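Here it is, the structure, as C-alpha cells.
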Number of protein chains: 2
Amino acid sequence: MPTVSSEELAAAAGVNSAKLRKDFSYLGSYGTRGVGYDVEYLVYQISRELGLTQDWPVVIVGIGNLGAALANYGGFSARGFRVAALIDADPAMAGRPVAGMPVQHTDDLEKIISENGVSIGVIATPAGAAQQVSERLIAAGVTSILNFAPTVLSVPDGVDVRKVDLSIELQILAFHEQRKAGEEAAAAGSAPAPSAPSGDGGVADAPGGAGAAPVAAVEPPAGRAAAALRKNGPEGEVPAVMPA
Amino acid sequence: MPTVSSEELAAAAGVNSAKLRKDFSYLGSYGTRGVGYDVEYLVYQISRELGLTQDWPVVIVGIGNLGAALANYGGFSARGFRVAALIDADPAMAGRPVAGMPVQHTDDLEKIISENGVSIGVIATPAGAAQQVSERLIAAGVTSILNFAPTVLSVPDGVDVRKVDLSIELQILAFHEQRKAGEEAAAAGSAPAPSAPSGDGGVADAPGGAGAAPVAAVEPPAGRAAAALRKNGPEGEVPAVMPA
DNA sequence: ATGTCTTTGTGAACGCGTGCACAAAGATTG
DNA sequence: CAATCTTTGTGCACGCGTTCACAAAGACAT
Ligand SMILES: NC(=O)c1ccc[n+]([C@@H]2O[C@H](COP(=O)([O-])OP(=O)(O)OC[C@H]3O[C@@H](n4cnc5c(N)ncnc54)[C@H](O)[C@@H]3O)[C@@H](O)[C@H]2O)c1
Ligand SMILES: NC(=O)c1ccc[n+]([C@@H]2O[C@H](COP(=O)([O-])OP(=O)(O)OC[C@H]3O[C@@H](n4cnc5c(N)ncnc54)[C@H](O)[C@@H]3O)[C@@H](O)[C@H]2O)c1
C-alpha cells in the first residue's frame, strides 16, 4: 500500500478526517491531491517531528515489580528508546542483572546520567521517594520525567513530567461503570437520572439494580460531621475512601 | 484541618480556583460561603460520585511481567478495587500463585467473570491476543477495559476502553525534549524556530547543538520514494521508525 | 489538450472548557 | 441586630480545538 487517503487513516484511527488533515498540515504539505499521502514519506516525516528518528537513552529508577517489568519490556526499543541504565537504592539489588543489565546503585545516579547524556528518566520508586529522586535526576540534567509513583511532582520550569496513575485509570472506568448502572436502573425503574448535574440521589442510593453491580463496600454511617451533612445531602457522612 | 477553601485546594492541585469551584458545583452545593468546604464531607461526596464507595472486582488477563507487577501492586485495593482473579493462557501458569493468588486458566474466563460479577477487566497480554481477549471479556459481561497492549481495541457501543501506552508517553516526552533542544539551538545560533507550523527545518536538521542531545539513530538515506521526496522537503526519505 | 474525478488544504462556524468577575450567602464581630 | 468580611456559586466572555464545507490542485481518462 504505497499511499493512504486521510479518509482511510481517519477511519482506522477513529477520528475525523478533517482533523487528521489539519493536523498533518501543521507538519507541512506532504499529501498529493487526488491521491493521498505517500505512506513511507509520511511515516518518516511524523517520526522526525516526534523525535523518533533519534535514539533516546532513558534511565529507570526503582527496579521493583514495575521497574523490572518496564526493563524487560521490548516495546521501548522498537520506538527508538534505549534503556541506558537501571538504578535502585537497595544495595542488595546492586549488580544483580535485570533484563540482561546490571542494576546500579543510586549513588552513581549523577554519573550515569551525565555519562550517557540521558535527558529522560522513568521513576518507578515508592511514592515517598519520588520527589527526591526527581530532584536528583533534574539536578543531573534530566529534563523529562515519566512518573509512575502516585505523587504530584513539583519541578522547575522547563522540566516536563508525565504521570501515569493506574489507580486513576481504574477510577475513571469505575465512574463510567457506575453511571451506566445508574442509567440502566433509571430506564428499568423510575429512579432519578444519575447524571452529575442533578443534586444527588440516584446511583449510589440504589446501585443494586443493574447487571453486574458490585456490592457496597462503604456504607455511610452516622458520623461526627453529621450537622454539616444533614443540611445538604440525604447521604450520610463517611470514613472517606478517596485519599490513597 | 476541618475545612478547605477552593483557593487552597486549587493551589495544591495547581489549577484555577474558579474551575475547581465550578467542577464541585456539578456535584451539588457542598460548600459554605465565607468558610469553604467541609473536608470530610467533600471527600465522601467526591468518592461517592466517582464510585469509590463501592467495591469493584477486577480481573487481570495476561500474567506476564506487567500483569504480575499489577497483581502485586497494593495501590488498587486502597482505592476500592479488588483483584478478583488472575487469568493466563499458559497452562504452565495455571495454579501457580502470584501475589498470593492462584493463576487461573483462560478456559474458565467466562465462569470467573460471571461468578464474581466482574465488570472491569485489565488486559496485559501480548498485543496479538488483546482483541480476542477483549471479545471474550465483553461477551462474559465486562463493560470496562483497561488495555496495556499496544493495540486499538474495537469494541461495541456501551463498552469503555482506556488504553495505557507507555511507549506513547515516552514519545510525548521525546517530542517536547526535541523541541526544547531546538529552541536552545535557535537561541544560541541563528537557526529557524523549530515550531511545528514552520514548514520544516530546524530541530532534526541540527540537533547536535544542545546540552544532552542524543545521537542520530536513523539518518535519512537516499531511497526509492526519492521522487516524491525531493518535491516537498529537503529531508531524505527513510526506513521509518514509527510503526512498532 | 481538455474534462472529469478524487482528495487535499484551509477558511469559517460551531461548541465547549476555562477563567474572570461579581452578586449572594453566611459567618463573625461590634 | 446591623455592619463587615470572607468565600462560594455562577453568568458571561474569551480562546481553542473540532468539524463542516468547498475551492484548488493534481491525477487520470478521453
Ligand atoms: N506495580 C504496579 O503495577 C504499579 C502500578 C501502579 C503504580 N505503581 C507505583 O510504582 C511504584 C513502584 O511500584 P512497585 O510495585 O514496583 O514497588 P516495589 O516496592 O516493588 O519497588 C520499588 C523499588 O524502588 C526502590 N527504591 C526505593 N527507594 C528508592 C530510591 N530513593 N531511589 C531508587 N530506588 C528506590 C526499591 O528498592 C524497590 O526496588 C510505586 O510508587 C507504585 O505505587 C506500581
Ligand atoms: N512490561 C511492560 O512494562 C509493558 C509496558 C508497556 C506495555 N506492555 C504491554 O503489556 C503486555 C504484556 O507485557 P508483558 O511484558 O507482561 O508480556 P509477557 O510476555 O511477559 O506476558 C504476557 C502474558 O500473557 C499471557 N497470554 C498470552 N496470550 C494470552 C491469551 N490469549 N489469554 C490470556 N493470557 C495470554 C502469556 O502467557 C504471558 O504470561 C504486552 O502487550 C506489552 O506490549 C508491557
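Just so you know, these numbers come straight off a predicted model, no measurement behind them. A note on names: the letters A, B, ... follow the listed sequences, proteins ahead of strands, and every chain is numbered from 1.
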Under the side-chain contact (heavy atoms from CB on, under 4.5 Å) test, which residues partner A:E135, sequence neighbours left out?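 For A:E135 the side-chain contact (heavy atoms from CB on, under 4.5 Å) partners, ignoring immediate neighbours, are A:Q131.
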Using a cut-off of under 3.5 Å, enumerate the N/O to N/O pairs linking the protein to nucleotides 8-13 of chain D.
unit_1: D:dT8; atom_1: OP1; unit_2: B:S6; atom_2: N; d: 2.7
unit_1: D:dT8; atom_1: OP2; unit_2: B:S6; atom_2: OG; d: 2.6
unit_1: D:dT8; atom_1: O2; unit_2: B:R33; atom_2: NH1; d: 3.0
unit_1: D:dG9; atom_1: OP1; unit_2: B:G31; atom_2: N; d: 3.1
unit_1: D:dG9; atom_1: OP2; unit_2: B:Y37; atom_2: OH; d: 2.7
unit_1: D:dG9; atom_1: O4'; unit_2: B:R33; atom_2: NH2; d: 2.9
unit_1: D:dG9; atom_1: N7; unit_2: B:R21; atom_2: NE; d: 2.9
unit_1: D:dG9; atom_1: O6; unit_2: B:R21; atom_2: NH2; d: 3.1
unit_1: D:dG11; atom_1: O6; unit_2: B:K22; atom_2: NZ; d: 3.3
unit_1: D:dC12; atom_1: N4; unit_2: B:K22; atom_2: NZ; d: 3.2

Which residues in residues 9-17 of chain A have a heavy atom closer than 4.0 Å to any atom of DNA chain D?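 Close to the strand are A:N16.
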Under the rule for side-chain contact (heavy atoms from CB on, under 4.5 Å), what residues qualify as partners of B:A130, not counting sequence neighbours? B:I123, B:T125, B:N147, B:A149, B:T151, B:L153
Results of side chain to side chain donor-acceptor pair (under 3.5 Å) for A:R162 - residues two or more places apart only: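 Only B:E169 meet the side chain to side chain donor-acceptor pair (under 3.5 Å) criterion with A:R162.
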Short question: side chain of A:E8, backbone of A:S5 - any donor-acceptor pair under 3.5 Å? yes
Taking only residues two or more places apart in sequence, or in another chain, which ones meet A:Q132 in a side chain to side chain donor-acceptor pair (under 3.5 Å)?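 With neighbours one apart ignored, the set is empty.
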Centre-to-centre under 6.0 Å for A:Y44 and A:Y41, is that the case here?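 They do not qualify: ring centres at least 6.0 Å apart.
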Should B:K19 be listed as having a side-chain N or O under 4.0 Å from OP1 or OP2 of C:dG19?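 Negative; the distance criterion is not met.
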May I ask you to check whether A:F24 and A:Y30 place their ring centers less than 6.0 Å from one another? no
Note: A:W56 and A:G51 closest approach over all heavy atoms is NE1-O, 2.7 Å
